[in-house]
There are 2 protein chains.
Amino acid sequence: MLPMKSRYALKALVFLARHQADGPVPVAGIAAAEAIPVKFLEAILLELRNSGILTSRRGPTGGYQLRVEPETVHLGDVIRNLSGPMAPLPCLSKTAYHRCTECVDEATCAVRLLMADVHAATLRIVDGTTLAQLVARVDASAAGEAEGQSERCRPEQGPVSAKLDFID
Amino acid sequence: MLPMKSRYALKALVFLARHQADGPVPVAGIAAAEAIPVKFLEAILLELRNSGILTSRRGPTGGYQLRVEPETVHLGDVIRNLSGPMAPLPCLSKTAYHRCTECVDEATCAVRLLMADVHAATLRIVDGTTLAQLVARVDASAAGEAEGQSERCRPEQGPVSAKLDFID
DNA sequence: CCAATTCCTATCATCGCGATAGGCTTACTT
DNA sequence: AAGTAAGCCTATCGCGATGATAGGAATTGG
């Protein structure tokens with residue numbers, strides 16, 4: 001499960017990307033629009049500021065604002081900054097690597113072999129997607145919704161076993 | 001993080017796939033070989049039995065054994081059976097779907113759009129891999145290890161942004 | 001009948017997560 | 001200069017999931 005911290009952060013960033021022209025946006029405004037607990041969001045935005053993605057101004061007319069262009073914000077970094085490494089095994093994290101205590105031989109660990117692929121696939125998506133791209137996809141989704149169209153039907157399906165399309 | 005329950009289960013299944021010819025293998029044997037707490041593994045194998053993957057016999061010479069061919073065991077089902085759905089958001093699970101309480105509009109939810117791709121990629125791997133394939137990969141990995149060879153360099157890399165190869 | 005083994009239920013300690021409380025600091029407005 | 005709207009910071013708390021253990025009952029081969 002993606003932690004609430006990261007979910008809220010992504011929602012807030014999309015919101016801020018949309019309101020780039022409006023100058024600083026106060027926490028309360030974002031929280032109200034996205035249904036996020038104010039104090040919780042406050043802590044999240046503070047972290048995003050400290051990691052360099054946001055700027056803040058205090059006092060009246062203050063608030064938060066994107067510091068960098070949405071095209072340069074990689075969503076994987078956002079998730080990592082707030083919720084730590086997303087490796088499915090300790091031994092698959094580069095920055096927080098540590099040997100799995102239960103692992104007899106890391107080089108031939110079946111679990112590791114399997115999850116390494118999962119991890120790589122995940123990173124390819126979250127690190128390969130920018131905030132700007134995500135905003136664009138939301139727009140496309142909202143537009144296609146009216147026509148009952150679901151864009152992005154995973155075109156690069158690849159030669160899988162041709163079974164059912166997987167669920168859960 | 002993949003729960004210990006699922007990690008242990010995968011290790012045990014690989015072990016059992018290797019010892020298919022030996023008849024029933026007692027829990028203690030698997031636990032010793034794979035460094036798994038005995039009582040914990042006991043509960044896990046029991047669940048795998050109840051879900052139809054394993055058979056068991058009691059008494060002396062008893063133990064656990066694969067009930068089906070390794071080619072028919074999809075690893076995604078193993079993980080699901082033991083640790084529940086692996087959807088990164090409640091609203092992405094088919095069998096345990098429920099609306100995200102924090103989500104204002106599911107159809108245009110940015111988090112959902114992003115994680116849907118992650119989820120699909122994960123399922124493609126875990127449901128597209130069988131126990132037999134995993135055993136084969138471990139063998140290949142062990143063989144290539146001697147020559148300093150790392151097989152499976154993710155050949156289907158695709159046209160990503162050509163940046164670094166992602167970590168964490 | 002004995003011993004090995006599965007089977008079943010209950011219980012426990014720990015930890016991370018989501019959230020809240022309360023106050024301090026900054027700075028705009030009047 | 002005062003008032004107030006906002007960010008900033010620290011501490012704390014309840015809750016549930018997780019990983020694990022204990023103890024015994026049921027089964028079955030030798």
Side-chain angles (χ1 to χ4, degrees), chain A residues 1-9 11-12 16 22-32 34-51 53-65 67 79 82-86 88-90 96 100-103 111, chain B residues 1-9 11-12 16 22-32 34-51 53-65 67 79 82-86 88-90 96 100-103 111:
Chain A
M1 280 284 204
L2 189 71
M4 297 303 270
K5 225 177 180 182
S6 293
R7 297 189 211 176
Y8 290 152
K11 283 170 182 279
L16 285 175
D22 303 7
V25 183
V27 174
I30 310 174
E34 299 291 340
I36 302 173
V38 184
K39 290 298 259 182
F40 198 13
L41 182 58
E42 198 177 289
I44 292 168
L45 295 185
L46 195 52
E47 283 190 65
L48 289 176
R49 190 207 84 138
N50 291 335
S51 66
I53 298 179
L54 299 180
T55 347
S56 62
R57 200 202 309 169
R58 302 221 259 197
T61 78
Y64 285 95
Q65 203 171 358
R67 185 197 191 94
I79 298 175
L82 291 170
S83 309
M86 41 197 144
L89 297 175
C100 297
T101 57
E102 83 274 6
C103 192
V111 182
Chain B
M1 281 284 206
L2 188 71
M4 297 304 271
K5 223 177 181 182
S6 292
R7 297 189 212 177
Y8 290 152
K11 283 170 183 280
L16 286 174
D22 304 6
V25 183
V27 173
I30 309 174
E34 299 291 340
I36 302 173
V38 185
K39 290 298 261 180
F40 198 13
L41 182 57
E42 199 177 290
I44 293 168
L45 295 184
L46 195 53
E47 283 190 65
L48 288 175
R49 190 208 83 140
N50 290 336
S51 66
I53 297 178
L54 299 180
T55 348
S56 60
R57 200 202 306 169
R58 301 219 259 198
T61 78
Y64 285 94
Q65 203 171 358
R67 186 198 190 94
I79 298 175
L82 291 171
S83 308
M86 42 197 145
L89 299 174
C100 297
T101 56
E102 82 275 7
C103 192
V111 183

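Per chain, numbering begins at 1; letters A, B, ... match sequence-line order.
Note on A/S56: a side-chain N or O is less than 4.0 Å away from OP1 or OP2 of D/dC8.
Among residues two or more places apart in sequence or in another chain, the side chain to side chain contact (heavy atoms under 4.5 Å, CB included) test is passed with A/A31 by A/V38, A/L41. For B/S83, the side chain to side chain donor-acceptor pair (under 3.5 Å) partners are B/S6, not counting sequence neighbours. For B/A96, the side chain to side chain contact (heavy atoms under 4.5 Å, CB included) partners two or more places apart in sequence, or in a different chain, are B/P85, B/S93. Scored by the side chain to side chain contact (heavy atoms under 4.5 Å, CB included) test, A/P24 finds A/R57, A/Q65 as partners (sequence neighbours excluded). Taking the side chain to side chain contact (heavy atoms under 4.5 Å, CB included) definition, one finds that B/E102 meets it with A/M4, A/R7, A/Y8, A/K11, B/C100, sequence neighbours left out. The ring-ring contact (aromatic ring centres under 6.0 Å, His included) check on B/Y64 picks up nothing, with sequence neighbours excluded. Shown here are the salt bridge (charged side-chain N to carboxylate O under 4.0 Å, His left out) partners of A/E42, two or more places apart in sequence or in another chain: A/K39. Applying the side chain to side chain donor-acceptor pair (under 3.5 Å) criterion to A/S51, with sequence neighbours excluded, gives no partner residue.
One can place CG of B/L45 at 9 Å from P of C/dC7, the figure rounded to the nearest angstrom. One interatomic measurement links the two molecules: CD of A/E47 to P of D/dC8, which rounds to 12 Å at whole-angstrom precision. When rounded to the nearest whole Å, the span between CG of A/L48 and P of D/dC8 equals 12 Å. What separates CZ of A/R49 from P of C/dT26 is a distance of 12 Å, to the nearest Å. Between A/M1 atom CE and D/dT18 atom P the separation is 10 Å, expressed in whole Å. Counting to the nearest Å, the P atom of C/dT6 and the CG atom of B/L16 are 11 Å from each other. The nearest whole Å value for the distance from the OH atom in A/Y64 to the P atom in D/dA6 is 13 Å.
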Pairwise N/O distances under 3.5 Å, protein to nucleotides 9-18 of chain C:
| residue | atom | partner | partner atom | Å |
| --- | --- | --- | --- | --- |
| C/dG18 | OP1 | A/M4 | N | 2.8 |

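A distance of 7.5 Å separates CD1 of B/I53 from CG of B/L82, quoted to the nearest 0.5 Å. Put simply, CG on A/L46 and OG on A/S56 are 7.5 Å apart, with the number rounded to the nearest 0.5 Å. Distance check: B/L16 CG to B/I30 CD1 gives 4.0 Å after rounding to the nearest 0.5 Å.
End-to-end axis angle for the helix from C/dC1-D/dG30 to C/dT30-D/dA1, using five pairs per end and rounding to 10°, comes out at 10°.
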**OP:** Determine, for nucleotides 23-30 of chain D in 5'-to-3' order, which nucleotides have protein heavy atoms under 4.0 Å from the base (write B), from only the sugar-phosphate (write S), or from neither (write -).
**Re:** BB-BBBB-
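Mapping B/A28 and A/V38 onto DNA chain C by nearest heavy atom places B/A28 at the nucleotide closer to the 5' end.
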